Every structure is written in structure tokens, then in C-alpha cells.
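Here the structure comes first, spelled out in C-alpha cells, and everything after it is commentary.
What you see is a predicted model, and the numbers here were worked out from it, not measured in a lab.
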Amino acid sequence: MPEISRFYGIVIKMFFKPKEHEPSHIHALYGEHIGIFDLKTMEMTEGDLPKKAKELVTEWMKQNQKELLEMWDSQNIKKLPPL
């Protein structure tokens, strides 16, 4: 799973489409915690991220939503700047 960004101990990753499923989403890892975030709603749909980590991921997604959706559709995964 390619790493897209890393900030404040949070690692953001996206699987390639053949191994993944809709809706479009990212995986956020923070220590032993994980969160799956919908790219369109920017809400955590699964996981147990602490509140502060969840807020940081949501803020980062707001800044990068367009690029994230383009990456999901094109499968041209690239690094994005940290928060």
C-alpha cells in the first residue's frame, strides 16, 4: 500500500484499485490505531483513531481532496505534502 503522506505520527496510505473497493477511501495509521476515511465525505467510516488524530486527518483531507480523488480514479499515486 503506497504511502501518500506522513505528519504528526500519522501515515496516510492508499491501496491500488484492483485490490480495493468503492467508496473511494484512504487508510490513516497512527500507532496501533487505524482509520478508513471516505474521500468524498471526509468522514471516518471504520476504525479507532483517537479524536485529535481524526481531526488532523480530516483537516489534511480538506487541503488535498481534489488530488486524492484524482489519484483514486487515475491510480497515479504520488506523495502529497504533510499537514
Donor-acceptor contact below 3.5 Å, side chain D38 vs main chain M44 = no

Can you tell if the side chain of E3 reaches within under 4.5 Å of the side chain of M14, non-hydrogen atoms only?
-> no

Is there a side-chain contact between S5 and N64, using heavy atoms and a 4.5 Å cut-off?
-> no

Does a side-chain heavy-atom distance below 4.5 Å link I10 with I12?
-> yes

Within-4.5 Å side-chain heavy-atom neighbours: K13 and V11 | yes

Does the S24 side chain pair with the main chain of W72, one donor and one acceptor, at a distance under 3.5 Å?
-> no

Determine whether V57 and I36 fall in the same hydrophobic cluster, where Ile, Leu, Val, Met, Phe, Trp and Tyr are linked whenever their side-chain heavy atoms lie under 4.5 Å apart.
-> no

With a 4.5 Å limit on heavy-atom distance, are the side chains of M61 and I26 in contact?
-> yes

Any side-chain heavy-atom pair from P23 and K40 closer than 4.5 angstrom?
-> no

Taking it one step at a time, do N76 and M71 satisfy side-chain contact (heavy atoms from CB on, under 4.5 Å)?
-> CA-CA 5 Å; N76 183 17; M71 278 194 278; 5.7 Å; no

Do you know which two heavy atoms are closest between G9 and Y30, and how far apart they sit?
-> O-CD1, 3.4 Å

Are L68 and L80 side-chain neighbours, meaning at least one heavy-atom pair lies under 4.5 Å?
-> yes

Hydrophobic cluster membership, I77 vs F37, 4.5 Å side-chain cutoff | yes

Distance from M42 atom CE to E59 atom CD, nearest 0.5 Å?
-> 9.5 Å

I4 reachable from L29 in the ILVMFWY side-chain graph, under 4.5 Å edges = no

Check the angle between the aromatic planes of F15 and H27 and answer parallel, tilted or perpendicular using the 30° and 60° thresholds.
-> perpendicular

Residues L83 and W60: closest non-hydrogen pair is N-CD1, 3.8 Å

